[in-house]
> 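Let me begin by handing over the structure; questions about it come next.
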Amino acid sequence: MVQTLVGPQESGASKPSSSSGGAARRKEIIAIQGLSKRYRRTDPPAVDDVSLSITRGSVFGLIGPDGAGKTTIIQVLAGVVRPDAGSVMVAGIDVVKNPEGIKPLIGYMPQGLGQNLYETLSVQENILFFKNLRQVPEERYRLNSERLLKMTRLDAFLSRPAGKLSGGMRQKLALICTLLHLPGIILLDEPTTGVDPISRRDFWTIIQEMVSTTGMTVLLTTSYMDEAERCQEVALMNAGRIIASGSPEQLTAGLQGELFELSGPGLSQKLGMAKRWPGCESAAMFGESIHAMLRPGSQVDELVRQLDGAVVKAQRIEPGLEDVFVHMLAADDKTDLTSLAARLVVHQDHDDAPVFIDHLTCRFGDFTAVSDVSLQVNNGEILGLLGPNGAGKTTLIKMLCGLQEPTSGKAVVVGFDIRTQRWALRSSIGYMSQRFSLYGDLTVWQNMSFYAGLYGLTGETARRRLQSLVELLGLGPYRLAQSASLPMGLRQRMALACTLVHEPRLLFLDEPTSGVDPIARREFWNLVHGLATGAQVTVFVTTHYMDEASHCHRLGLMQQGHLIVLDEPARLISRAQEEAGPLLTVNADDFARAFQVLHAAFPTATLYGRRIQWQTRTLQQDQQKAAALLEQAGVHGRFAEIRLGMEEAFVHFISTSGL
């Protein structure tokens with residue numbers, strides 16, 4: 001049942017009426033006109049003449065690459081950064097003239113996992129601190145904290161220090177502290193970056209329930225395109241400007257051309273050919289398939305012939321926001337990174353499997369981090385490892401890299417026993433961590449030279465190898481730039497160059513694209529595919545980004561240290577749908593009222609933007625029951641059945657694992 005929370009009358013957080021057509025819900029609550037901000041005279045503007053308006057009771061997303069200006073806008077609205085020009089009105093208050101006046105009415109969650117928390121304070125103590133800071137009345141505090149703790153499932157961890165919570169739990173605690181006084185407006189800066197899919201779903205369920213039941217307004221930034229599609233409206237940003245805005249449906253409907261999935265053998269070697277074909281707007285690898293956006297009037301059959309008949313199937317698919325974003329910012333880029341990446345490492349032919357794991361276990365006292373894991377990874381394979389925070393992924397990778405002694409079991413990695421040959425093993429593998437771990441005050445060339453020295457490359461041999469990597473990865477113009485000054489996408493390429501300097505046979509990539517914009521993400525994965533298919537480098541990758549799962553040849557899902565399922569992405573989705581059914585979706589003009597009615601009858605129902613959805617094996621019965629409930633409530637609903645995505649498959653296997 002949807003919980004009602006108690007908030008201050010002046011915050012605009014009162015419960016909405018049953019009709020969403022009322023003036024209160026249509027009222028503009030945030031209005032920005034001509035906003036500009038430049039931090040230093042010599043720098044380009046962080047925000048350049050931005051105007052936008054946000055309606056009360058909506059979820060609005062700011063989407064864009066690193067450095068697009070999203071965080072600056074959030075900070076201006078929060079009253080912590082003063083703009084150079086423009087007007088900013090929030091809930092009728094002029095933020096430029098009266099920045100302190102807005103602060104009681106908003107909740108602000110800065111970028112980073114739990115950045116507004118105190119590490120040494122417990123869950124309960126952090127909540128009490130924000131209660132006193134916000135001067136929340138005792139009765140309102142009691143009701144809101146109890147309900148928020150139950151919604152986040154943190155009520156069982158009240159005495160645990162914030163510093164010992166998983167990433168997802170930290171973000172949910174940070175959200176409780178942000179929502180405790182139930183503000184009318186909350187500002188969330190990339191709130192789920194680095195958070196596992198289960199916690200991300202919990203996070204979004206809380207946000208959408210708050211919006212639908214209290215009329216709260218949410219403005220958030222995100223680099224996850226699937227999250228952007230959950231917003232009622234979005235604005236795409238680049239270089240400080242808004243380049244497009246509207247609902248996700250409006251933006252995808254306005255995309256010119258058609259998107260096709262091309263599948264068949266050997267397609268990774270054909271990506272450059274597809275990108276250069278005149279009728280192709282953009283193309284990228286997704287697993288072993290190519291997603292190609294064709295220009296209006298172009299025929300996919302002609303592209304199939306252009307690819308020498310290698311394609312066995314061409315299927316039209318619906319574009320998403322990521323396709324809109326890429327189309328607007330990178331449609332003219334014809335660089336064939338997949339073929340280019342094959343030249344980063346000398347092609348390696350080996351008969352033995354690069355990773356063989358047999359009943360591997362790791363315990364820390366009474367806690368079992370990895371339990372009885374067995375698997376084999378093949379040459380040139382991209383294996384994805386998914387799981388909630390704390391599932392054991394990082395511990396497993398540390399053991400395979402020779403950084404953590406296993407408790408029992410065995411593993412042979414690129415021919416070396418991880419127990420007895422740890423030092424020899426490290427010269428044949430490469431590791432790229434989730435966080436940017438290079439030296440920010442060193443230049444690109446200096447960082448790469450440092451890594452070359454670590455692997456014993458010196459003199460002319462090292463210079464030639466580094467020069468080759470710099471040229472192939474497009475780092476030439478930045479070789480003397482300090483790494484801290486580079487955009488996220490370029491820093492990611494530099495980190496990959498350092499990882500590849502000794503031409504490893506096996507790559508470990510730990511959430512390599514966390515917080516990276518869609519264009520840099522696609523470029524990175526094109527490079528990874530080139531390494532795997534062109535040079536037979538084996539890739540072991542962890543990710544929380546569900547759309548990236550389709551890039552992997554196989555996926556292993558981990559839960560509480562166990563490898564619970566291992567299969568191809570498409571087969572995992574099919575298995576989940578066979579076991580638990582497809583998604584039933586409901587679209588209603590009064591989506592807030594519809595959600596209240598349906599959530600009471602179908603507890604697993606979630607909001608996805610304005611769409612309500614839940615997985616069911618009794619689709620017809622559920623639709624009839626839902627239609628009757630909506631009719632009784634005077635709400636018109638439109639029903640549809642859609643196929644599961646990777647996130648729903650992930651949640652299904654994790655929730656039914658029995659662990």
Side-chain angles (χ1 to χ4, degrees), residues 151-153 166-169 172 192 195-206 208-209 224-227 229-230 286-287 320 371 373 375 383-393 541-586 595 598-599 601-609 611-623 625-626 639-659:
M151 291 167 75
T152 57
R153 300 194 296 276
S166 69
M169 294 168 74
K172 286 189 280 189
T192 60
V195 174
D196 69 79
I198 300 289
S199 295
R200 278 211 291 148
R201 173 169 285 205
D202 288 345
F203 195 95
W204 271 97
T205 297
I206 296 164
Q208 299 282 25
E209 285 188 14
Y224 293 104
M225 290 296 105
D226 60 331
E227 288 195 345
E229 295 189 11
R230 300 176 194 237
F286 278 78
S371 180
V373 169
L375 67 92
L383 182 86
L385 203 58
L386 310 181
N389 295 108
K393 305 183 301 294
V541 59
T542 69
T543 181
H544 284 150
Y545 191 76
M546 289 294 99
D547 284 355
E548 288 190 346
S550 61
H551 289 287
C552 303
H553 299 129
R554 285 190 300 159
L555 291 172
L557 304 188
M558 291 192 70
Q559 170 77 333
Q560 294 185 22
H562 295 265
L563 183 64
I564 61 173
V565 65
L566 177 66
D567 212 331
E568 298 172 9
R571 284 179 56 83
L572 288 175
I573 291 173
S574 295
R575 286 172 56 183
Q577 182 148 324
E578 288 171 6
E579 293 175 14
L583 285 174
L584 177 62
T585 70
V586 185
F595 179 70
L598 295 178
H599 191 272
F602 304 98
T604 60
T606 60
L607 270 169
Y608 199 97
R611 184 178 79 209
I612 305 156
Q613 64 183 40
W614 66 95
Q615 192 175 2
T616 176
R617 296 189 66 179
T618 56
L619 189 137
Q620 295 301 324
Q621 296 94 313
D622 281 16
Q623 181 171 333
K625 180 180 178 180
F639 294 85
E641 173 189 346
I642 63 174
R643 184 172 172 78
L644 297 189
M646 194 62 231
E647 180 176 315
E648 289 78 26
F650 175 91
V651 172
H652 166 74
F653 285 114
I654 294 294
S655 60
T656 59
S657 68
L659 297 172

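For reference, positions follow the sequence shown, starting with 1. Heavy atoms only: backbone and side chains are in, while hydrogens, waters and symmetry mates are out. On a predicted model such as this, the values are computed, not experimentally measured, just so you know.
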> What's the spacing between Gln577 CD and Arg617 CZ if we round to 0.5 Å?
11.5 Å

> When you check the gap from the basic side-chain N to the acidic O, do Asp567 and Arg575 get nearer than 4.0 Å?
yes

> Please assess Lys172 against Asp202 for the test salt bridge (charged side-chain N to carboxylate O under 4.0 Å, His left out), listing each intermediate value before the final yes or no.
CA-CA 8 Å; Lys172 286 189 280 189; Asp202 288 345; 3.2 Å; yes

> Does any donor atom in the side chain of Thr606 or Arg230 lie under 3.5 Å from an acceptor atom in the other side chain?
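There is no such pair (donor and acceptor under 3.5 Å, judged by atom type) between the side chains of Thr606 and Arg230.
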
> Ignoring hydrogens, what is the shortest heavy-atom contact between Pro582 and Ile642? Give both atom names and the distance.
CB-O, 3.7 Å

> Report yes if some heavy atom in the side chain of Ile573 is under 4.5 Å from a heavy atom in the side chain of Arg643; otherwise report no.
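Yes; the side chains approach each other to less than 4.5 Å.
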
> Can you confirm whether Thr543 sits close enough to Leu386 that some side-chain heavy atom of one is under 4.5 Å from a side-chain heavy atom of the other?
yes

> A side-chain contact here means heavy atoms from C-beta on lying under 4.5 Å apart; do Asp622 and Trp614 qualify?
yes

> Check the pair Ile564, Met558 against side chain to side chain contact (heavy atoms under 4.5 Å, CB included), reporting the backbone distance first and the verdict last.
CA-CA 6 Å; Ile564 61 173; Met558 291 192 70; over 6 Å; no

> Over all heavy atoms of both residues, which pair between Pro569 and Met646 is shortest? Give the atoms and the distance, please.
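Distance-wise, the nearest heavy atoms are O-SD, 4.3 Å.
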
> Side chain to side chain contact (heavy atoms under 4.5 Å, CB included) between Leu555 and Leu566: does it pass, once the steps are laid out?
CA-CA 6 Å; Leu555 291 172; Leu566 177 66; over 6 Å; no

> Does Glu648 reach the main-chain N or O of Gly645 with its side chain, forming a donor-acceptor pair under 3.5 Å?
yes

> At their closest point, which heavy atom of Gly581 faces which heavy atom of Leu644, and how far apart are they?
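Smallest interatomic distance, heavy atoms only, reads O-CD2, 3.8 Å.
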
> Between Gln615 and His652, is any side-chain donor less than 3.5 angstrom from a side-chain acceptor?
no

> Looking only at non-hydrogen atoms, find the nearest pair between Glu229 and Gly320 and report the distance.
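Result for this residue pair: OE2-CA, 3.3 Å.
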
> Does any part of the side chain of Thr616, heavy atoms only, come nearer than 4.5 Å to the side chain of Gln621, both counted from C-beta?
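SC-SC contact between Gln621 and Thr616 ruled out.
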
> Report the distance from atom OG of Ser371 to atom CD of Gln559, rounding to the nearest 0.5 Å.
12.0 Å

> Say whether, by atom type as modelled, one donor and one acceptor occur between the side chain of Thr585 and the main chain of Ala640 under 3.5 angstrom.
yes

> Output, in order, the C-alpha distance, side-chain angles, deciding distance and verdict of side chain to side chain contact (heavy atoms under 4.5 Å, CB included) for Leu572 and Val565.
CA-CA 9 Å; Leu572 288 175; Val565 65; 3.5 Å; yes

> Quick one: CD on Gln623 to CG on Leu619, what's the gap to the nearest 0.5 Å?
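Interatomic distance, Gln623 CD to Leu619 CG, rounded to 0.5 Å: 6.0 Å.
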
> Measure the CD1-CZ distance between Ile206 and Phe203 for me, rounded to the nearest 0.5 Å.
7.5 Å

> Rounded to the nearest 0.5 Å, what separation is found between the CG atom of Leu584 and the CD1 atom of Ile612?
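Nearest 0.5 Å value for the CG-CD1 distance: 10.0 Å.
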
> Measure from the side-chain N and O atoms of Lys393 to the backbone N and O of Thr542, and report whether any donor-acceptor pair falls under 3.5 Å.
no

> Looking only at heavy atoms, what is the nearest atom pair of Phe602 and Ala626, with distance?
CE1-CB, 4.0 Å

> Are the side chains of Val541 and Leu383 in contact, using a 4.5 Å heavy-atom criterion?
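No, too far: nothing below the 4.5 Å cut-off.
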
